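Worksheet: the structure to be examined is printed underneath.
In listed order, ligands and their atoms are each counted from 1. Given the structure is predicted, the values throughout are model-derived calculations rather than measurements.
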Amino acid sequence: MERMESMEPISAYYTTAYPEIQPDSGCRSGEATASQPRTPPALTYDEELVHKTILVGDSGVGKTSLLVQFDQGKFIPGSFSATNKVVTVDGVNVKLQIWDTAGQERFRSVTHAYYRDAHALFLLYDITSKSSFDNIRAWLTEIHEYAQSHVVIMLLGNKADMSSDRAIQRDEGERLAREYSVPFMETSAKTGVNVELAFTAVAKELKHRVVQHTNAPKFQIHEYIEAQKEKSGCCSYF
Ligand SMILES: Nc1nc2c(ncn2[C@@H]2O[C@H](COP(=O)(O)OP(=O)(O)OP(=O)(O)O)[C@@H](O)[C@H]2O)c(=O)[nH]1
C-alpha cells in the first residue's frame, strides 16, 4: 500500500454512514447545527461507525513504526500506509481507520486536507529529538486551523526505549499536554510499550462521545490512562 501523500480522499474508501462527532454527544452529520437543538446522545453504540484516525508529527518520529506495532505487534522499520483496526472497549467493537502521514514539509498541504475528516489525531514527537518536540506547538496550531474543533487529540512522546539519548524529559511532555488539555503518554514503537493503551484510550473516548448515558459519569481519558499505566507498571520501562 502507498502512503497518504498519494491516496484518494478517505471518503472514497468508506461508504459507511459516519457521524460528525460533537463534544459529549452522538450527533450524526446534519442532525444538529448551531441553530438547531442538539440530538441526544445515542443509548447504544453503532458498531458500523468508522473513526478516521491520523498519525502526524515530524519526519522520523516513528509514526509508521507505531502504526505497524499496533497493527502487527512487531517493530518493522520501513514503509506502511493505512489500516483498519477494531478495538473492543466496554464490550463493543470500535472501528478505527488509521492513516499514516508523511512528516516531510512537502506533503504538508496534502495532510491538511485529511485533518478535516479526522475524528482522532495522534501527534508524535521523538523523545530524543528536541526539534520534533519544539515543533509540536506548530503542529497543534495547524491542527486547530484545519481539523474539526472537537477532534480527539493525543500527544505521544515516542522512542521511549532510547532513554540514554533522551532530549526531552517526560515532565516536559506532560506540561505541554496540560497546557493544551490533551492526554499524553510516552510510547515505544520498538518495544510496544503503551502502544495498545494509546489506541485503546482514544477508542474509548470516541465511543463515549457517541454514547453517553444520561446518568453515567463522563469518561475521563486522563484518569483512564493513569489507571492503566499503574496497572501495567508501564513507566518502569523508562
Ligand atoms: N528505538 C526506536 N526507534 C524507533 C522507534 N520508532 C521508530 N523508530 C525508528 O525511527 C526511524 C523513523 O521511523 P518511522 O516510523 O519511519 O518514522 P515516521 O514518523 O513514519 O517518518 P516519516 O515517514 O519520514 O514521516 C526508523 O529508523 C525507525 O526504525 C522507537 O520507538 N524506538
Between Thr64 and Asp100: side-chain donor-acceptor atoms closer than 3.5 Å: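 Yes, side-chain donor-acceptor contact under 3.5 Å.
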Under 3.5 Å side-chain donor-acceptor pair for Thr191 and Asp161: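 No.
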Partner of Thr83 under side chain to side chain contact (heavy atoms under 4.5 Å, CB included), chosen from Val68, Thr53, Asp71: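 Answer after filtering Val68, Thr53, Asp71: Asp71.
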Option passing side chain to side chain contact (heavy atoms under 4.5 Å, CB included) with Met185 (candidates Val193, Leu156, Val195):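 Single pass found, and it is Leu156.
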Sequence-distant partners of Asp90, side chain to side chain contact (heavy atoms under 4.5 Å, CB included), two or more places apart: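 Side chain to side chain contact (heavy atoms under 4.5 Å, CB included) check on Asp90 returns Lys204, Lys207, His208.
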N or O contact, [X] vs ligand 1, cut-off under 3.5 Å:
{"X": "Asp100", "answer": "no"}
{"X": "Gly60", "answer": "yes"}
{"X": "Thr187", "answer": "no"}
{"X": "Gly62", "answer": "yes"}

Aromatic ring pairing Tyr125/Phe184, orientation class (parallel under 30°, perpendicular over 60°, tilted between):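 Geometry flag for Phe184 against Tyr125: parallel rings.
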Plane angle bin for Phe122 and Phe199 - parallel if under 30°, tilted between 30 and 60°, otherwise perpendicular: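 Taking Phe122 first and then Phe199, their aromatic rings sit tilted (interplane angle of 30° to 60°).
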Counterpart residues, side chain to side chain donor-acceptor pair (under 3.5 Å), relative to Arg137 (two or more places apart):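 Partners of Arg137 by the side chain to side chain donor-acceptor pair (under 3.5 Å) criterion, ordered by chain and then number, come out as Glu179, Tyr180.
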For [X], atoms of ligand 1 separated by under 4.0 Å from a heavy atom:
{"X": "Ala189", "result": "6 (N), 30 (C), 31 (O)"}
{"X": "Ser188", "result": "31 (O)"}
{"X": "Asn158", "result": "5 (C), 6 (N), 31 (O)"}
{"X": "Ser65", "result": "6 (N), 7 (C), 13 (O), 14 (P), 15 (O), 28 (C)"}
{"X": "Lys63", "result": "15 (O), 17 (O), 18 (P), 19 (O), 20 (O), 21 (O), 22 (P), 25 (O)"}
{"X": "Met162", "result": "1 (N), 2 (C)"}

Val195, Thr191, Thr64: member with heavy atom nearest to atom 20 (O) of ligand 1: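 It is Thr64 that holds the nearest heavy atom.
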Ligand 1-proximal atoms of Asp161, by part, heavy-atom distance under 4.0 Å: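 The part of Asp161 near ligand 1 is the side chain, not the backbone.
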Ligand 1 contact on Lys190 by region, counting heavy-atom pairs under 4.0 Å: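 It is both parts that get close, each with some atom under 4.0 Å.
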Cluster overlap Leu66 with Leu197, hydrophobic side-chain contacts below 4.5 Å: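 Linked within one cluster.
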